[in-house]
Peer 1: 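Supplied in structure tokens, the structure appears directly below.
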Amino acid sequence: MQSEVQALIARSNRLGADPTTTNYAGGNTSAKGVDTDPVTGGPVELLWVKGSGGDLGTLTPAGLAALRLDRLRSLVEVYPGIDREDEMVAAFDYCLHGRGGAAPSIDTAMHGLVDAAHVDHLHPDAGIAIAAAVDGPELTKEIFGDRVSWVPWRRPGFQLGLDIAAVARANPQAIGVILGGHGITAWGATSDECERNSLEIIRSAQAYLDQRGAAEPLGPVVSGYEPLPTDERRRRAAALFPVLRGLASTDRPQVGHFTDSDVVLDFVAREKHPALAALGTSCPDHFLRTKVRPMVLDLPLTAPIEDVTARLTELHASYRDDYRAYYERHAGPDSPPMRGADPAVVLVPGVGMFSFGANKQTARVAGEFYVNAINVMRGAESVSTYAPIDEAEKFRIEYWALEEAKLQRMPKPKALATRIAFVTGGGSGIGRAIAHRLAAEGACVVVADRDAEAAAAVAAEIGTTDVAVAVAADVSDGDAVASALREAVLAFGGVDLVVNNAGLSLSKSLLETTEADWDIQHDVMAKGSFLVSREAARVMLAQGMGGDLVYISSKNSLFAGPNNVAYGAAKADQAHQVRLLAAELGGHGIRVNGVNPDGVVRGSGIFAGGWGAQRAAVYGVPEEKLGEFYAQRTLLKREVLPEHVANAVFVLTGGELSHTTGMHIPVDAGVAAAFLR
């Protein structure tokens with residue numbers, strides 16, 4: 001048993017590592033074997049199959065469903081027919097062997113009913129190109145002879161499993177099938193044989209496309225639709241992305257992903273791309289992620305950005321009308337409610353593809369799936385005519401009751417889900433704590449810091465690039481700030497939550513404070529906050545989704561302490577920016593608030609950089625005792641840590657204070673002299 005499962009996992013991981021072989025979380029693999037029944041002590045035949053929603057590339061034993069094969073195959077005798085085949089999914093639960101493991105997927109029947117020890121069901125680009133060609137059955141015969149059979153389109157489910165099993169029995173020489181409009185299924189007596197057969201089908205299909213396919217199956221390049229140079233393309237993408245994200249978030253907020261790969265840029269430059277895009281994708285895994293079709297900009301790259309923005313707004317309105325009409329054409333009394341009419345994929349000639357989802361991973365995967373769909377269209381058109389399954393069938397998949405049930409089982413989103421945060425000074429101390437807290441609450445986080453290595457380290461601590469990225473940013477440099485915000489936009493689609501945290505301090509008396517001392521502190525904190533807020537506000541206004549600006553000011557913006565003129569004045573500037581911008585941006589739904597910390601010694605980059613020693617000297621205490629000293633002068637007698645400041649930022653932005661703007665929250669353990677008056 002253990003060896004069969006290990007071989008299955010290894011095979012799955014290899015197949016899932018290649019996106020042209022199968023998509024993320026798409027396809028499934030299985031193995032049959034004998035284990036010991038813990039009740040009887042006798043042998044029991046089992047099926048191990050990838051569970052619902054799992055990913056082949058990262059599959060582990062915990063992602064498998066284990067079912068008793070005798071019980072699974074007995075379901076054939078009680079199968080109520082295709083009109084009620086969805087009921088069979090619930091019946092799989094009564095075939096499970098033991099506790100734990102993954103939930104059985106809709107494709108479980110395919111694996112259990114085929115009389116082979118190992119089965120692979122995959123969605124390779126080359127295989128779907130044949131499956132989605134208008135003469136797919138003939139191409140299958142020409143390419144594979146009698147080694148691979150054709151199975152006409154049928155929605156995934158119990159009946160499809162019966163169909164494939166029947167074809168396999170009738171064609172004992174066959175190693176697998178092409179599933180019309182869908183993908184491939186292969187089998188073998190051993191895990192290695194099954195994998196070889198899967199790869200033989202995929203490679204044979206690809207070789208046929210390469211050898212027989214037309215040189216330019218998508219038509220010639222349209223003048224004015226060629227890819228822009230890289231730098232210009234990315235600048236234009238950064239300008240359009242917030243607009244597109246705002247449009248795509250009409251029904252519910254979305255996170256974005258940008259793709260300007262050669263495959264995408266070539267597709268949107270070609271003559272046939274509007275007609276092919278309008279036909280929609282074919283494989284169920286594709287259009288479940290990408291919707292039935294993308295939104296396509298119909299202007300050349302020479303069009304002014306204002307004209308492009310206006311046209312995108314018009315196209316979005318038309319897209320929503322068309323999607324609503326699609327839903328109404330096919331919805332029945334028992335159909336789930338319409339989930340939203342905004343596009344999941346937007347194609348822009350010369351620039352690339354913008355994809356959207358409830359989180360970064362979902363948005364990224366939607367883009368990856370559309371790249372697969374482009375490969376399918378190109379392959380089918382190179383040897384035949386692309387002919388995806390019809391619209392009614394797509395609707396049946398998209399609004400499948402089983403798919404709706406899966407969506408309803410998803411956990412409730414976290415408080416900051418879909419929000420994109422930009423944290424300056426995020427490479428250490430308070431900024432690092434804020435970045436971690438916002439990410440823990442569901443935000444995508446851009447960690448901005450003058451120290452690029454420190455920013456990268458914090459982003460890596462948080463997780464993958466689906467949740468956090470790092471950008472180098474000297475906030476006192478307007479060009480650097482603009483560049484950093486562009487990178488943030490390209491990473492996630494926009495910006496919703498900005499934390500002006502970058503700072504430094506020099507503790508000197510008035511007579512010892514130089515112009516350079518004054519300038520650097522005002523450049524980083526006063527000017528830097530202004531530059532970051534200005535660039536972020538431009539993005540937020542383009543999105544039209546509101547937003548939050550949070551200033552990490554200081555108790556010193558209110559309290560007049562000794563030897564602190566430059567730092568205190570810069571912090572007072574920041575504090576008043578909060579009030580000024582709250583008044584100016586409130587009409588756009590942008591809230592501006594501040595946090596006034598004090599005495600954050602442990603983990604603080606400012607204190608570690610010399611400020612701690614300087615302040616300790618002012619107060620006549622050892623530097624290592626400075627935190628304790630600050631705590632003892634407070635009303636609560638408690639030391640303030642970076643995490644306490646991060647907590648305040650979350651409270652301001654997490655939704656409970658939705659009607660609060662222009663406010664400063666003290667996080668100083670109680671300093672009476674700094675009370676707001």
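For this chain, numbers begin at 1 and follow the sequence in order. Side chains included, hydrogens not; waters and symmetry mates left out as well; all remaining heavy atoms used. The model shown is predicted, which means the values in this text are computed figures rather than measured ones.
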Peer 1: Is the backbone N or O of Asp342 less than 3.5 Å from a side-chain atom of Lys291, with the two atoms forming a donor-acceptor pair by type?
Peer 2: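 Between the backbone of Asp342 and the side chain of Lys291 there is a qualifying donor-acceptor contact (under 3.5 Å).
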
Peer 1: My understanding is that only residues two or more places apart in sequence, or in another chain, count here; which of them pass ring-ring contact (aromatic ring centres under 6.0 Å, His included) with Tyr326?
Peer 2: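 Tyr326 satisfies ring-ring contact (aromatic ring centres under 6.0 Å, His included) with Tyr323, His330, Phe395 only.
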
Peer 1: Can a donor-acceptor pair be found, under 3.5 Å and without considering hydrogens, that links the side chain of Thr36 to the backbone of Pro38?
Peer 2: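 Looks like no, no N/O pair under 3.5 Å.
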
Peer 1: Donor-acceptor pair, distance only, cut-off 3.5 Å: does the side chain of Asn359 make one with the backbone of Thr362?
Peer 2: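 Confirmed, Asn359 side chain pairs with Thr362 backbone.
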
Peer 1: Do the side chains of Glu138 and Lys141 get close enough for a salt bridge, i.e. N-O under 4.0 angstrom?
Peer 2: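 Answer for the salt bridge query: no.
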
Peer 1: Checking salt bridge (charged side-chain N to carboxylate O under 4.0 Å, His left out) against Glu216, which of Arg378, Arg270, Lys272 comes through?
Peer 2: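 Answer to the salt bridge (charged side-chain N to carboxylate O under 4.0 Å, His left out) test with Glu216 among Arg378, Arg270, Lys272: Arg270.
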
Peer 1: Salt-bridged, Asp37 to Arg68, with N to O below 4.0 Å?
Peer 2: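 Salt bridge between Asp37 and Arg68, a charged N being under 4.0 Å from a carboxylate O: yes.
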
Peer 1: Within the 3.5 Å criterion, strictly below it, is a donor on Tyr225 or Glu271 matched to an acceptor on the partner's side chain?
Peer 2: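 The answer is no; no qualifying pair exists.
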
Peer 1: Pairing donors with acceptors under 3.5 angstrom, does anything connect the side chains of Asn197 and Glu193?
Peer 2: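 No pair is found: no donor N or O on one side chain lies under 3.5 Å from an acceptor on the other.
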
Peer 1: Just by modelled atom types, is the Ala491 backbone N or O under 3.5 Å from a matching donor or acceptor in the Lys360 side chain?
Peer 2: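 Between the backbone of Ala491 and the side chain of Lys360 there is a qualifying donor-acceptor contact (under 3.5 Å).
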
Peer 1: Counting only N and O atoms by type, is there a donor-acceptor contact under 3.5 Å from the side chain of Arg71 to the main-chain atoms of Tyr94?
Peer 2: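 Pair found, side chain donor or acceptor close to backbone of Tyr94.
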
Peer 1: If you measure from CD1 on Ile128 to NE2 on His182, what distance do you get to the nearest 0.5 Å?
Peer 2: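 Result: 7.5 Å between the selected atoms.
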
Peer 1: Can I get a per-line list of side-chain donor-acceptor pairs under 3.5 Å for residues 104-117, giving both atom names and the distance, sequence neighbours left out?
Peer 2:
{"unit_1": "Ser105", "atom_1": "OG", "unit_2": "Asp107", "atom_2": "N", "d": "3.2"}
{"unit_1": "Asp107", "atom_1": "OD2", "unit_2": "Asn28", "atom_2": "ND2", "d": "3.0"}
{"unit_1": "Thr108", "atom_1": "OG1", "unit_2": "Ser105", "atom_2": "N", "d": "3.3"}
{"unit_1": "Thr108", "atom_1": "OG1", "unit_2": "Ser105", "atom_2": "O", "d": "2.8"}
{"unit_1": "His111", "atom_1": "ND1", "unit_2": "Ser30", "atom_2": "OG", "d": "2.7"}
{"unit_1": "His111", "atom_1": "NE2", "unit_2": "Asn28", "atom_2": "OD1", "d": "2.6"}

Peer 1: Answer yes when Arg289 and Glu368 have at least one side-chain N-carboxylate O distance shorter than 4.0 Å, and no when they do not.
Peer 2: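 Not counted as a salt bridge, because no side-chain N and carboxylate O are separated by less than 4.0 Å.
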
Peer 1: Might you point out which heavy atoms bring Asp260 and Val351 nearest each other, and give the distance in Å?
Peer 2: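 Closest approach of Asp260 to Val351, heavy atoms only: CB-O, 3.5 Å.
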
Peer 1: Centre-to-centre under 6.0 Å for Tyr327 and Tyr399, is that the case here?
Peer 2: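 Under 6.0 Å, so yes.
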
Peer 1: Have Lys32 and His118 got a donor and an acceptor in their side chains that come within less than 3.5 Å?
Peer 2: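 No - no donor-acceptor pair under 3.5 Å links their side chains.
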
Peer 1: Can a donor-acceptor pair be found between the side chains of Ser384 and Asp135 at a distance below 3.5 Å?
Peer 2: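 Looking only at side-chain atoms, Asp135 and Ser384 do form a donor-acceptor pair, the distance falling under 3.5 Å.
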
Peer 1: Against the six-membered ring of Phe492, is Arg245 placed for a cation-pi contact (under 6.0 Å from the centre, within 45° of the normal)?
Peer 2: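 Judged by the rule (NZ or CZ under 6.0 Å from the ring centre, within 45° of its axis), Arg245 is not positioned above Phe492.
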
Peer 1: Any Lys/Arg nitrogen of Glu200 or Arg196 sitting under 4.0 Å from an Asp/Glu carboxylate oxygen of the other?
Peer 2: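 Not counted as a salt bridge, because no side-chain N and carboxylate O are separated by less than 4.0 Å.
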
Peer 1: Nearest 0.5 Å, please: how far is CG in Asn372 from OG in Ser282?
Peer 2: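 Taking OG in Ser282 and CG in Asn372, the distance rounds to 12.5 Å.
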
Peer 1: Against Asp120, only a single residue in Thr29, Thr185, Leu8 fulfils side chain to side chain contact (heavy atoms under 4.5 Å, CB included); can you say which?
Peer 2: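 Among the candidates, only Thr29 passes.
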
Peer 1: I'd like to check the ring-ring contact (aromatic ring centres under 6.0 Å, His included) partners of Phe158; sequence neighbours left out, ordered by chain and number.
Peer 2: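 Tyr79.
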
Peer 1: Are Asp210 and Gln206 close enough that a side-chain donor and a side-chain acceptor fall under 3.5 Å?
Peer 2: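 Indeed, the side chains of Asp210 and Gln206 share at least one donor-acceptor pair under 3.5 Å.
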
Peer 1: Ser355 and His257: side-chain donor and acceptor closer than 3.5 Å?
Peer 2: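 Side-chain D/A pair, Ser355 to His257: absent.
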
Peer 1: Could you state the interatomic distance from CE (Met353) to CG (Leu347), rounded to the nearest 0.5 Å?
Peer 2: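 Result: 7.0 Å between the selected atoms.
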
Peer 1: Can Glu393 and Trp153 be counted as having a side-chain donor-acceptor contact under 3.5 angstrom?
Peer 2: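 Present: a donor and an acceptor within the cut-off.
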
Peer 1: Could you tell me whether the side chain of Lys394 and the main chain of Glu398 form a donor-acceptor pair under 3.5 Å?
Peer 2: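 No, Lys394 side chain to Glu398 backbone: no donor-acceptor pair under 3.5 Å.
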
